[in-house]
Amino acid sequence: MRKPLIAGNWKLHKTIAQATELVNSLLEKLADVKDVEIVVAPVFTALPSVCRQSQNSAIMVAAQNCYPQTEGAFTGEVSAPLLADCGCRYVILGHSERRQLFDEQDEFINEKVLSVLAAGLRPILCIGETLEQRDSGELFEVIAYQLRFGLAEVTAEQMTDVVIAYEPVWAIGTGKTATSEEAAEVHAYIRGLLQGLFDHEVAEQTRILYGGSVKPGNIGELMAEADIDGALVGGASLNAEDFSAIVHFPKPLRMSNTPLP
Ligand code: PGA
């Protein structure tokens, strides 16, 4: 069974002091959580302190980006081995804000995925369509393209470390969530693609997160869908109460260990 994963993407928010305060409060509120993997992604400057703080806890740390080369004359960049050295376990890659604001293309994102895996870290590869693409009937084509290119040259063995995040661009930061049916349809499609690109085992083991205006009020409905294995949370992850409520989502029956009567 796939272990649910809830990741908080803090984007460009929080000083070191504010990040420390949020993690302290999460460590307290999430101390009881055993059945959900918890990840937080602070800005680069807060990574060392958050990594130290969350050592030996259930909270794992992600970076929000990295550069595919390991070292060299690349002013202003940070590489995957340096993120591993800092104590990170995950790296968010291909986020729609990187694709749109920094013009990141699938080939470049794929280089990053490969460098993150080579450094022993786990990529959270984000894919998703714009509203324009959805409206013009290109949804499945866009998803297939981003997934295929993003995972080029990744082996079935390496896929145990890969997490996919489906984030419809029109639902990010807009308060507009895809309905659980809309999300479930794309998640099932992604799982089918993984089966074609790799095999049944990879498709069954890979976690596919949903992202886009996830809140305490809609996480239960989303997690009730069989192919939704967690969430990548932006805005609501900046608040300890909300993020904790999301991590404590009501468990659907398939995730409960209680035998049915
Ligand atoms: P949001 O962001 O939850 O604020 O919509 C999600 C994301 O960008 O990962």
Side-chain angles (χ1 to χ4, degrees), residues 4-14 18-19 22 26 36-44 46-47 50 59-66 88-104 106 109 112-113 116 122-134 142-143 146-147 150 162-180 182-184 186-187 190 207-223 225 228-249:
L5 191 165
I6 304 287
N9 174 10
W10 296 357
K11 307 192 179 181
L12 184 43
H13 293 287
K14 299 206 180 281
Q18 289 165 339
L22 177 54
L26 291 178
V36 176
E37 216 174 302
I38 309 159
V39 174
V40 294
V43 291
F44 283 127
L47 283 176
V50 171
I59 297 179
M60 282 181 280
V61 181
Q64 298 176 18
N65 184 29
C66 77
C88 291
R89 305 287 296 278
Y90 284 89
V91 186
I92 298 173
L93 296 174
H95 190 280
S96 66
E97 285 149 21
R98 303 276 340 151
R99 292 177 189 265
Q100 293 193 319
L101 303 173
F102 303 97
D103 199 28
E104 288 196 8
D106 293 279
I109 295 164
K112 296 183 185 206
V113 168
V116 162
R122 300 165 173 180
I124 299 177
L125 172 65
C126 304
I127 57 176
E129 83 288 2
T130 61
L131 191 56
E132 210 180 13
Q133 290 166 330
R134 180 175 270 260
V142 168
I143 295 297
Q146 291 180 348
L147 191 76
V162 175
V163 174
I164 306 295
Y166 167 58
E167 300 204 301
V169 179
W170 48 272
I172 295 177
T174 57
K176 243 197 220 175
T177 332
T179 63
S180 48
E182 281 172 329
V186 182
H187 280 237
I190 294 170
R207 287 175 299 181
I208 308 173
L209 315 182
Y210 169 79
S213 298
V214 173
K215 304 274 180 289
N218 58 25
I219 184 70
E221 196 190 317
L222 289 162
M223 292 304 292
E225 297 291 345
I228 300 183
D229 306 312
L232 182 54
V233 187
S237 72
L238 296 171
N239 174 287
E241 296 271 305
D242 285 351
F243 191 63
S244 164
I246 292 171
V247 173
H248 286 105
F249 66 87

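Both counts, for ligands and for their atoms, begin at 1 and track the order of listing. As the structure is a computational prediction, the values presented were derived from the model and not from experiment. Excluded from the calculations below are hydrogen atoms, water molecules and symmetry mates; all remaining heavy atoms, backbone and side chain alike, are included.
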Peer 1: Judged by non-hydrogen atoms, does A236 sit under 4.0 Å from ligand 1?
Peer 2: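 No, that is not the case, since the closest heavy atom of the residue is not under 4.0 Å from the ligand.
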Peer 1: May I ask you to list the atoms of ligand 1 that are less than 4.0 angstrom from any heavy atom of A171?
Peer 2: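 Near A171, meaning under 4.0 Å from one of its heavy atoms, ligand 1 has 5 (O).
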Peer 1: Got a second to check how far K11's NZ is from I172's CD1, nearest 0.5 Å?
Peer 2: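 So the gap between those two atoms works out to 6.0 Å.
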Peer 1: Any nitrogen or oxygen of T174 lying under 3.5 Å from a nitrogen or oxygen in ligand 1? Just yes or no.
Peer 2: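 For ligand 1, there is no N or O atom that lies under 3.5 Å from one belonging to T174.
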Peer 1: For H95, take its heavy atoms, then give the atoms of ligand 1 lying under 4.0 Å from any of them.
Peer 2: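 Counting atoms of ligand 1 from 1, those under 4.0 Å from H95 are 7 (C), 8 (O), 9 (O).
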Peer 1: Just checking, any donor-acceptor pair under 3.5 angstrom between side chains of E132 and W170?
Peer 2: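 Result is no, nothing qualifies.
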Peer 1: How far apart are the closest heavy atoms of I92 and A41, and which atoms are they?
Peer 2: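 Here I92 and A41 meet closest at CD1-CB, 3.7 Å.
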Peer 1: Are A165 and ligand 1 in contact, using a heavy-atom cut-off of under 4.0 Å?
Peer 2: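 No, A165 has no heavy atom closer than 4.0 Å to ligand 1.
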Peer 1: Check for me whether K215 has a heavy atom closer than 4.0 Å to any atom of ligand 1.
Peer 2: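 Distance cut 4.0 Å: K215 fails for ligand 1.
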Peer 1: Could you tell me the separation between the CG atom of N65 and the CG atom of L93, rounded to the nearest 0.5 Å?
Peer 2: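 Between atom CG of N65 and atom CG of L93 there are 7.0 Å.
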Peer 1: Give me the residue, atom name and distance of the protein heavy atom closest to atom 9 (O) of ligand 1.
Peer 2: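 Protein heavy atom with the smallest distance to atom 9 (O) of ligand 1: E167 OE2, 2.6 Å.
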Peer 1: G212 heavy atoms, cut-off 4.0 Å: which ligand 1 atoms fall inside?
Peer 2: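 Answer, ordered by atom number: 5 (O).
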Peer 1: Tell me the protein heavy atom at minimum distance from atom 3 (O) of ligand 1, and give that distance in Å.
Peer 2: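 Result for atom 3 (O) of ligand 1: G234 N, 2.8 Å.
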Peer 1: Taking atom CD1 of I208 and atom CG of L5, what is their separation to the nearest 0.5 Å?
Peer 2: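 Nearest 0.5 Å value for the CD1-CG distance: 12.5 Å.
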Peer 1: Would you say ligand 1 has an N or O under 3.5 Å from any N or O of G173?
Peer 2: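 Yes: some nitrogen or oxygen of G173 is under 3.5 Å from one in ligand 1.
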Peer 1: Going from CD1 on I219 to CZ on F243, what distance comes out if it is rounded to the nearest 0.5 angstrom?
Peer 2: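 Between atom CD1 of I219 and atom CZ of F243 there are 9.5 Å.
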Peer 1: Just say parallel, tilted or perpendicular for the rings of H187 and Y210, cut-offs at 30° and 60°.
Peer 2: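 Aromatic pair H187/Y210 classed tilted.
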Peer 1: Between CZ of R89 and CD1 of I59, what distance do you get to the nearest 0.5 Å?
Peer 2: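 Atom-to-atom, R89:CZ and I59:CD1 are 13.0 Å apart.
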Peer 1: Going by the order shown, which atoms of ligand 1 are within less than 4.0 Å of some heavy atom of N9?
Peer 2: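 Listed by number with element, the hits are 9 (O).
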Peer 1: For atom 4 (O) of ligand 1, what is the nearest protein heavy atom, given as residue, atom name and distance?
Peer 2: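 So the nearest neighbour among protein heavy atoms is G235 N, 2.9 Å.
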Peer 1: In plain terms, say whether R122 and E37 are close enough for a salt bridge, that is, a side-chain N and a carboxylate O under 4.0 Å apart.
Peer 2: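 Between E37 and R122 there is a salt bridge, with a charged N closer than 4.0 Å to a carboxylate O.
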Peer 1: Identify, by atom number and element, the atoms of ligand 1 in contact range of S213, meaning under 4.0 Å from any of its heavy atoms.
Peer 2: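 Every atom of ligand 1 under 4.0 Å from some heavy atom of S213: 1 (P), 3 (O), 5 (O).
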